[in-house]
Amino acid sequence: MEKREQIYEGKAKILYTTDNPDLLIQYFKDDATAFNAAKKGSIHDKGIINNKISTKIFEYLIAHGIPTHFEKSLSDREMLVKRVQIVPLEVIIRNVAAGSLSRILGIEEGTSLACPVLEFCYKEDKLNDPMINETHIRALKLATDEDVEQIKKYTLKINELMLKFFSSLNIKLIDFKLEFGKYKGKVILADEISPDTCRLWDAKTGDKLDKDRFRRDLGNIEEAYQEVLSRVSR
Ligand code: UDP
């Protein structure tokens with residue numbers, strides 16, 4: 001499958017058209033940003049590592065009945081994906097308090113939550129992706145009620161599957177972010193799932209194996225991402 005035209009460049013990925021109007025090539029870059037691109041950098045080979053981790057996770061989710069945009073892996077940095085209309089929401093699900101939840105609600109990082117917490121953010125960089133609720137989504141017509149229901153169901157199911165998956169690799173899944181798209185009228189999972197979009201803590205040591213190493217200048221970023229890849233590959 002050949003790349004035709006670049007149609008989008010984001011912070012971590014580039015999308016290209018292909019000969020098939022229903023399919024795009026998703027290319028993973030090494031660029032890293034945090035705090036809505038206020039902090040910028042690059043993580044050596046991150047694109048390769050995240051492409052491979054995302055591929056493994058998408059394959060696992062597909063095998064367990066979750067529809068995703070993933071079609072197949074093409075190269076070290078490229079996967080073939082379905083061309084979707086992105087729903088302009090970042091869907092965050094949390095099992096353990098960390099990051100903005102800890103900050104906003106004053107809950108110490110690492111505190112288990114009695115049930116998964118689901119949050120929506122409006123995907124709009126110039127507003128800093130503000131947190132919104134379902135009535136905002138309805139009022140702003142960001143998604144239909146049916147699509148929101150489907151997104152919530154998939155997100156909870158994906159969380160259950162991912163908790164099992166990572167726990168078998170001795171990794172604690174703290175929280176993660178999902179994006180969904182519409183394809184031929186249906187909601188499907190899109191974007192990526194990687195240490196850029198999840199908080200992953202080593203189950204034994206508590207070591208952070210995710211983008212917090214970059215956000216918080218903890219060092220050994222590539223090593224941490226590589227560690228996740230080697231565990232998901234075994
Ligand atoms: N997250 C993401 N992209 C974003 C915002 C959050 O992938 O634009 C992920 C983040 O990596 C974490 C989870 O969503 O796994 C929850 O992030 P949080 O709101 O705590 O973000 P923080 O304020 O700490 O950046």
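Everything numeric here is computed off the predicted structure, so don't read it as measured data. Order of listing sets the numbers, starting from 1, for every ligand and every atom in it. Residue numbers run from 1 in the order of the sequence given.
For ligand 1, the atoms sitting less than 4.0 Å from at least one non-hydrogen atom of Cys198 are 15 (O), numbered in the order shown with element in parentheses. Close approach to Gly99 involves these atoms of ligand 1, each under 4.0 Å from a residue heavy atom: 20 (O), 24 (O).
Of the candidates Lys11, Arg77, Lys13, Arg77 is the only one forming a salt bridge (charged side-chain N to carboxylate O under 4.0 Å, His left out) with Asp30.
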- Task: Walk me through it: do Lys40 and Asp31 pass the test side chain to side chain contact (heavy atoms under 4.5 Å, CB included)?
- Result: CA-CA 8 Å; Lys40 286 191 182 133; Asp31 298 352; over 6 Å; no

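Scanning the protein heavy atoms around atom 6 (C) of ligand 1, the nearest turns out to be Ile92 CD1, 4.2 Å. Remark: minimum distance from atom 4 (C) of ligand 1 to any protein heavy atom is reached at Glu90 OE1, 3.3 Å. Of all protein heavy atoms, the one lying nearest to atom 17 (O) of ligand 1 is Arg199 NH1, 3.6 Å. Taking atom 11 (O) of ligand 1 as the reference point, the nearest protein heavy-atom neighbour is Arg215 NH2, 2.8 Å. Nearest to atom 3 (N) of ligand 1 among the protein's heavy atoms is Lys177 CE, 3.5 Å. Nearest non-hydrogen protein atom to atom 19 (O) of ligand 1 is Ser100 OG, 2.6 Å.
For the pair Lys46 and Tyr225, the cation does not sit on the ring face, since its NZ or CZ is not both under 6.0 Å from the ring centre and inside 45° of the axis. With a 6.0 Å cutoff to the six-membered ring centre and a 45° limit on the axis angle, Lys172 does not count as a cation-pi contact of Trp201.
Taking 4.0 Å as the cut-off, Lys211 does not count as a neighbour of ligand 1 on heavy-atom distance. Using a 4.0 Å heavy-atom cutoff, Asp196 is listed among the residues neighbouring ligand 1.
Ring geometry for Phe58 against Phe70 counts as parallel: the plane angle stays under 30°, on a 0 to 90° scale with 60° as the upper cut.
Between the side chains of Thr111 and Glu108, no donor-acceptor pair is found at a separation under 3.5 Å.
Distances from atom 13 (C) of ligand 1 to the heavy atoms of Thr197, Asp175, Val91 put Asp175 nearest.
For Arg199 (side chain) and Asp210 (main-chain N/O), no donor-acceptor pair under 3.5 Å exists by modelled atom type. Distance alone, capped at 3.5 Å, places no donor-acceptor pair between the Tyr60 side chain and the Thr55 backbone.
Every N/O-N/O distance between Glu119 and ligand 1 stays at or above 3.5 Å.
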